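Chain A is the first sequence line, chain B the second, and so forth, proteins listed ahead of strands; every chain is numbered from 1. Computed from a prediction, not measured in an experiment: that's the story for all the values here.
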Amino acid sequence: MRIFAVAHNTFRETVRDKVLYVLLFFAGVTVFGSKALGWISVGQDIKIVKDISLAAISVFGALIAIFVGASLVYKEIDKRTIYTIISRPMHRFEFVVGKYLGLMGLIALVTLVMGLVAGAYVLLLGGTIDVVFVTAVVLIFWELLVVTALAVLMSTVTSPILGAIIVFSLYVAGHASGILVDLPPHFENTWTETIMHVLYYIIPNLSNFNIRPEAANGVPVSMAYVGWAIVYGTVYAGMLLGVAAAAFEDKDV
Amino acid sequence: MKSEVNQGVARTRRRAWRAIVIILGVVAALGITSAVQMQLDAIGKTKRDEELLYLPNEKLLNHFTAGLHSVVADLLWLKCVQYTVQEFHSQERKFTWLEHMCNTIVRLDPYFTGAYQWGGTLLAAIGNDTAAIELVKRGMVRRPDRWELPFEVAKTFILNRREEPGAAAIASYYLLWTADLLEGADREFFTRWAYNIQRMHDLSGTGRQIWVNIRETTKDPFMRELAERKIALLDVREKCAGLNLAVERFVQKYGRRPGRLEELSEKGVVDTIPSDPLGGMFFVADDGKVYNTSVLDEDVADRLRVIRAAINRFKNEKGRYPERLEELVESGEMTRLPSHPYPGRAWRYDPIQGSVE
């Protein structure tokens, strides 16, 4: 119950954040502006609008998670409002989990709104929305859950700017982690290969959630794949949140 | 004092235990995510032929675009269309990067049907039918459900390879493939078309009809412009063939070749000498045949592109330019050296610069 009180307050607080509306404005401009690119695409306008809309949901969603999430706990400490919260009969982990759930609510709302706007725009332009498109939006949401958990973790251990830089770097690295297992043959059976493989499994593999090319081209993706990707995201986000709660337990405020 | 020490020891113990629990929790969670990752790797998003579709450069691009590789493919496609339009309106019409751009786009987004289809159309339109067919066939592996791709192969055989033996049979085969992916009236249309081609063994009329369909159905101004030019060229070729028949009639009647084209109308063999909507002119060459400069210029541009591509391949492999153009055939870069379309003219080749004109 206490967790939900924190979550509710966090949601109300973050939904008023001006950064959110600036980023949503740019996301809207990107989605609606994508049609202009379609004019010179030799009949590929719907595909391009789908591609850019889904990319905008992912990128701007991640930016919202990073900019709002990275300052979430830090701001409470900086403004000393944390004292009024931790002096109440509640565990610190409840505070962290509540903050995460509040931000998750915001991310869910943002993803839903952007997904609905993108879908309506595609339909308005004469395109179709299929199961793969909806699934792609769902997986983007799960990707953002991992990014949000990373942002909350950083918020408990470092300053907002450094945290935002680290989370953004991990966002980029998380999409490029495939390169770690895709080594040239001369690395076979070497320590480098072993280290790279270990890193591959440690770094959050965000490309697992990227079925945007399939969605833009209407290529079906197996539900088994989607299910496992959701399991991966849930476990990874849970782990990050556990570490964030533990880090906050030990923090001197 | 003692109780404070005991409290301190107890606090340290609690922290140590918590640290151990956290580490074990992280290891367990990473163990689960690693196992799930293996599962995901084993399933894959869809079946794919990695070797065929990913080459190193595009692979790196895929990794370093933060998951935006399909958006990068879209932007490259737009660049590709702009580049094609610019080259189409330029004097030289080299199209040097078209094939490379198309291949890069479909490696970044292997499901991009439009890039396979229209990339194939553009490559075939500039005479690079080998690259067009290769590109579209790769698309057929990735998108076996799309009828547009086998139709594109059939179209290339009809438009570019209609003179080759067996072209009608191959075109018919791909048209039947197209029909298999369609239903109802469309399926019937393509099936009938395939059997007509098999029966007639003549692809010339069909070729014109394809460009007429593109002109009438496309929403893209460049594709319409391209189709109009191709139709105009086919019309000019037909007029040329008609004038050559008139020359034969002239020879039968007067026992000599006409000195000037205008003699055909002056002697009443034809009513009028046709005009060329592309701004070229008809002329009688020394061999007594009628040619058209628009058609010949188009053929010169197509053949130059093929020769220049072979010279570049030769340079990349051997580190030098060929001393003579015939060396391209001797080294296996070309099966035969295309002749200069203008009668009595030959290619001018500079072995130092590797340039041909």
Side-chain angles (χ1 to χ4, degrees), chain A residues 34 37-45 47-48 51-52 54-55 58-59 62 143 171-179 181-182 200-202 204-214 216-222 224-225 228-229 231-233 235-236 238-240 242-243 246-247 249-250, chain B residues 15 18-19 21-22 25-26 28-41 43-46 54 56 59-60 62-71 73-75 77-78 80-82 84-85 108-115 117-118 121-122 142-143 145 218-223:
Chain A
S34 59
L37 295 175
W39 289 331
I40 47 166
S41 64
V42 194
Q44 302 308 304
D45 47 347
K47 189 257 179 201
I48 288 176
D51 248 339
I52 293 180
L54 289 171
S58 170
V59 172
E143 175 189 24
Y171 175 76
V172 175
H175 280 287
S177 62
I179 203 164
V181 286
D182 196 18
Y200 173 69
Y201 289 113
I202 289 177
N205 193 339
L206 299 180
S207 60
N208 286 338
F209 308 104
N210 184 5
I211 57 163
R212 300 195 297 268
E214 286 82 354
N217 291 294
V219 176
V221 175
S222 74
Y225 180 89
W228 281 113
V231 170
Y232 179 88
V235 174
Y236 209 106
M239 176 193 74
L240 291 172
V243 175
E249 284 287 329
D250 287 339
Chain B
R15 283 190 173 171
R18 205 166 56 207
V21 169
I22 291 166
V26 169
L30 281 175
I32 295 170
T33 54
S34 300
V36 173
Q37 183 63 57
M38 285 175 196
Q39 186 71 23
L40 286 166
D41 290 343
I43 296 173
K45 287 171 192 165
T46 46
Y54 290 106
K59 213 174 201 174
L60 284 176
N62 271 343
H63 289 310
F64 292 118
T65 48
L68 300 176
H69 48 89
S70 62
V71 176
D74 293 341
L75 297 176
W77 173 247
L78 300 177
C80 179
V81 173
Q82 285 174 332
T84 310
V85 174
L108 282 167
D109 183 354
Y111 306 116
F112 199 162
T113 313
Q117 184 193 354
W118 295 111
T121 301
L122 295 174
R142 299 312 302 245
R143 303 300 310 267
D145 55 323
T218 186
K219 290 175 187 165
D220 186 77
F222 172 65
M223 287 312 295

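Once rounded to the nearest 0.5 Å, the distance linking CG of B:Leu78 with CD of A:Gln44 reads 10.0 Å. Atoms CZ and CD1, on B:Phe112 and A:Ile48 in that order, are 5.5 Å from each other to the nearest 0.5 Å. The distance from atom CG of B:Leu75 to atom CD1 of A:Ile52, rounded to the nearest 0.5 Å, is 6.0 Å. The OG atom of A:Ser58 sits 7.0 Å away from the CG atom of B:Leu68 when rounded to the nearest 0.5 Å. For the atom pair NE2 (A:His175) and NE2 (B:His69), the distance works out to 9.0 Å, reported to the nearest 0.5 Å.
No part of A:Ala216 comes within reach of chain B, as not one of its non-hydrogen atoms sits under 4.5 angstrom from that chain. The parts of B:Leu30 that come within reach of chain A are both its backbone and its side chain, each placing non-hydrogen atoms under 4.5 angstrom from that chain. For A:Val181, no part lies near chain B; criterion is any non-hydrogen pair under 4.5 Å. With a 4.5 Å cut-off on non-hydrogen atoms, B:Gln117 does not touch chain A at all.
Ranked by heavy-atom pairs shorter than 4.5 Å toward chain A, the options B:Thr33, B:Ile22, B:Val71 are led by B:Thr33. Heavy-atom pairs under 4.5 Å with chain A peak, among B:Ala29, B:Ala19, B:Ser34, at B:Ser34. Your options are A:Val59, A:Leu54, A:Asp51, and the one with the most heavy-atom pairs under 4.5 Å with chain B is A:Asp51.
The side chain to side chain contact (heavy atoms under 4.5 Å, CB included) test with B:Val36 is passed by exactly one of A:Val235, A:Asn208, A:Val231: A:Val231.
The closest side-chain donor-acceptor pair between A:Tyr200 and B:Gln37 falls under 3.5 angstrom.
For the pair B:Asp41 and A:Tyr201, the tightest heavy-atom approach, listed with the atom from each and the gap, is OD2-OH, 4.5 Å.
At a threshold of 4.0 Å, the pair B:Asp109-A:Lys47 counts as salt-bridged, since one of the basic side-chain nitrogens sits closer than that to a carboxylate oxygen.
B:Arg142 is not listed as a side-chain neighbour of A:Val219, based on a closest heavy-atom distance of 4.5 Å or more. Side-chain contact between A:Tyr232 and B:Leu40 is present, with heavy atoms from C-beta onward closer than 4.5 Å.
With sequence neighbours left out, the side chain to side chain donor-acceptor pair (under 3.5 Å) criterion links B:Asp145 to B:Arg143.
Heavy atoms of other residues, nucleotides or ligands lying less than 6.0 angstrom from CZ of B:Arg18 number more than 12.
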